[in-house]
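Encoded as structure tokens, the structure appears first; notes follow it.
Each chain gets a letter, A, B and so on, in the order its sequence line appears, and its residues count up from 1.
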Amino acid sequence: MKKVFIILSISSVLFACNSSNENITTIAPNTYKFERNGESTVSFPGQTSRIRMGDELAKAFLKPTEEDISSLAGKFSHEAGENNFKESNLNLSSKNIRSKVAASTDLFSSNTTDSQAIKADFDSWIIGQVNNVFPYWNNNASKGVAGQLQEAGGGPVRWVNAKGLEYDQAFVKGLIGALMTDQILNNYLSKAVLDAGTNITDNNGDVLVSGKNYTNMEHKWDEAFGYMYGNEPNIESPILNVDSYLNKYLNRVEGDADFKGIADDIYNAFKLGRAAIVAKDYITRDDQIAILKEKISEIIGIRAVYYLQVAKATLANDKGTAFHDLSEGFGFIYSLQFTNNPNTNMPYFSKSEVDNFINTLMKEDGFWSVTNKTLDDMATAISAKFNFTLEQAGS
Amino acid sequence: MFKKIFPVIITLFILSSCSSTEEENPVLKDSFDRKGMLTNIADNIIIPAYEDFSSKMALLKTEGNAFIDNPNIANLESLRNSWLTAYKSWQHIEMYNIGKANEILYKFHINIYPVTVTDIDDNIKNGSYDLNSANNHDAQGFPALDYLLFGLDNSDSKIIEKYTIDTNKENFKKYLYDVIAQMSSLTNIVVTDFKEQRNVFVNNTVNTLSGSVNQLVNDYIFYYEKGLRANKIGIPSGIFSSTPLPQKVEAFYNNTVSKELTLEALSAVQNLFEGKHFGKNTKGLGFNDYLITLNRNDLATSISNQFTIAKTAIEKLNNSFSIQINSDNVAMTKAYDELQKNVVLMKVDMIQTFNISVDYVDADGD
């Protein structure tokens with residue numbers, strides 16, 4: 001932590017000296033705590049609401065006697081006042097998940113075709129679960145037949161479609177890309193959003209959003225932060241693993257010895273970037289954006305490779321375990337199209353590359369017919385585009 | 001994991017290639033007699049343990065048939081005794097996941113607990129089931145027999161009635177028969193296969209993931225960590241959950257032998273570590289000798305001592321772990337802690353000394 005801080009401080013000093021702007025250097029604060037006139041300026045209730053809506057939706061996928069297409073779709077496309085959720089304050093919320101799926105400014109503001117197609121994928125997974133899995137809930141699955149598969153050795157029961165895919169895993173892991181990652185990297189950390197309109201001059205002049213205690217730029221940054229930490233009980237010391245989405249898998253990647261430290265890297269970049277906005281130091285801010293783009297994209301890439309690799313060990317004689325891993329992998333692979341490579345400012349994988357991966361996994365009998373070689377080839381192709389090796393991610 | 005081991009491999013590789021004249025074949029080698037150790041383990045530990053278990057299974061089958069032919073208290077008692085004898089013998093072989101045992105998921109058919117009672121009840125009610133399906137791993141093996149012989153009702157006479165006057169009595173008998181037959185036939189497959197593969201096993205001394213020593217050590221540590229430490233003590237005492245789960249102890253329905261089975265398992269892992277011959281006091285080459293050859297006499301001693309300390313902690317527990325958990329769970333978690341200390345010594349220190357990488361991944365838990 002200290003080392004990063006020193007390097008960042010030095011680089012921001014150098015940059016600041018080189019530039020003709022006033023010499024501003026941002027001091028990294030201890031935690032994500034920012035105040036103006038004694039009141040917090042940090043706010044992201046919409047992100048927290050969507051994460052919690054997503055958590056209810058994830059659980060609802062596994063309730064065949066309680067849920068149907070309209071109740072699941074209601075949790076996905078909630079409208080204020082509808083009783084879609086058990087948590088009553090979510091029912092009052094004007095937010096919903098679906099409108100923010102594949103909805104970032106950078107990737108989708110002029111690409112509604114892809115955005116609509118992606119939203120339709122999520123709709124299709126809800127419909128598939130209700131029409132193609134719920135009716136066969138108590139049947140045993142086999143090639144071409146939906147139903148339940150128990151993980152070997154008395155493990156958990158999984159419910160799969162005729163190709164072995166768990167729709168709930170596709171949906172939830174897909175949302176990690178299409179909602180959280182897309183909104184953070186391609187929307188709120190995008191210059192088109194952070195610097196939109198008069199944001200820079202407003203921020204420089206401490207012009208606050210009407211009726212609020214924050215500048216527009218500060219708030220956009222907090223909204224990015226909120227998609228990662230929005231369900232944390234205390235954002236000044238995140239404990240991680242507090243939702244089913246990006247926060248959980250940051251914790252998983254942090255738990256891999258090969259990637260230990262990534263949780264600090266991401267938290268530190270969020271708080272230093274936020275402090276840089278307060279200090280009007282946009283060079284330091286942009287350095288943090290680059291770090292966040294790389295590290296958050298890595299979470300997706302690492303987990304995609306991880307599940308493809310671990311599935312090989314059980315594919316031959318423990319279909320329940322293997323298909324669960326592959327279903328998670330399916331969702332993370334789907335999410336790759338929402339990553340952002342800071343060097344190109346484009347996703348590490350295009351939509352068509354991702355579609356190819358997905359089609360390869362689902363061709364013929366899907367997971368029932370996939371081979372170890374296919375999984376290896378795919379994992380190799382994915383890790384090749386990132387700064388980690390197949391071995392690091394696959395263990 | 002890989003990162004840490006990688007520099008070690010590089011270093012060893014450089015050292016060995018510097019000293020070796022056979023540059024065309026830079027195989028990692030240490031001076032330890034791997035083949036000698038594998039031979040001792042195969043001939044004096046694994047095969048005798050397999051044979052012991054086979055004979056105990058044969059007796060269990062005989063007693064099972066006698067009970068099915070004539071379900072009475074005396075035959076129930078004999079069957080229960082042969083169940084316990086076989087169950088104890090099983091503790092010596094659960095850790096070997098080699099060849100067919102690995103391929104057919106042998107241990108999943110023999111000792112997955114807790115059983116899922118609704119699965120067993122449904123199978124008996126329906127009269128048709130596939131014991132080869134993963135869906136039924138938790139409805140067969142010793143834990144299913146535990147339920148069928150001790151848990152069907154709360155008195156012996158009521159249990160007998162399931163097999164004598166219950167409307168489903170034929171299905172009860174059939175299920176009992178089928179569970180034992182499944183255990184017996186899978187055991188024959190595994191034991192026959194290992195004996196056939198014995199020469200391949202002892203000669204496969206390479207230090208790669210597929211080498212015998214690597215597989216054996218990985219199986220061993222995985223078993224110690226999961227099968228022994230977690231399943232027998234950690235999970236029921238609530239180490240991995242918010243509350244203790246006493247219904248998850250091994251042999252829950254018998255409810256008096258969980259300690260006995262655990263002590264048996266612990267002596268099995270210590271015996272393999274020390275190369276001690278099955279059922280005898282003589283010793284041959286074991287993991288401890290390998291450590292000593294690699295100048296880690298200290299580690300070999302620490303691990304052996306820690307086994308003894310863990311044994312002492314377990315011996316203090318109630319014969320029934322579920323009773324122990326309900327009365328004083330701290331004693332359980334203390335025993336767990338002593339077992340855990342050897343996980344660290346073996347999974348980190350021993351495995352690095354052997355220059356072996358761990359080939360299993362921890363479950364994701366979702």
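Side-chain contact check for Asp138(B) and Gln150(A): at least one donor-acceptor pair (N or O, by modelled atom type) lies under 3.5 Å.
Around atom OH of Tyr253(B), more than 12 heavy atoms belonging to other residues, nucleotides or ligands sit under 6.0 Å away. Residue Lys248(B) qualifies as open at atom NZ: its count of foreign heavy atoms under 6.0 Å is 12 or below. For Lys312(A), the NZ atom is densely surrounded, since the number of other residues' heavy atoms within 6.0 Å is greater than 12. Environment of NZ in Lys260(A): sparse, with no more than 12 heavy atoms of neighbouring residues, nucleotides or ligands closer than 6.0 Å.
What you find for Asn135(B) and Leu149(A) is that their closest heavy atoms are OD1-C, 3.9 Å.
Here the CD1-CG distance, from Ile104(B) to Asn317(A), works out to 10.0 Å after rounding to the nearest 0.5 Å. We find the NZ-OG distance between Lys319(A) and Ser133(B) to be 13.0 Å, quoted to the nearest 0.5 Å.
Contact annotation for Asn102(B): only backbone heavy atoms (N, CA, C, O) come within less than 4.5 Å of a heavy atom of chain A. For Ala152(A), the parts sitting under 4.5 Å from any heavy atom of chain B are the backbone and the side chain alike.
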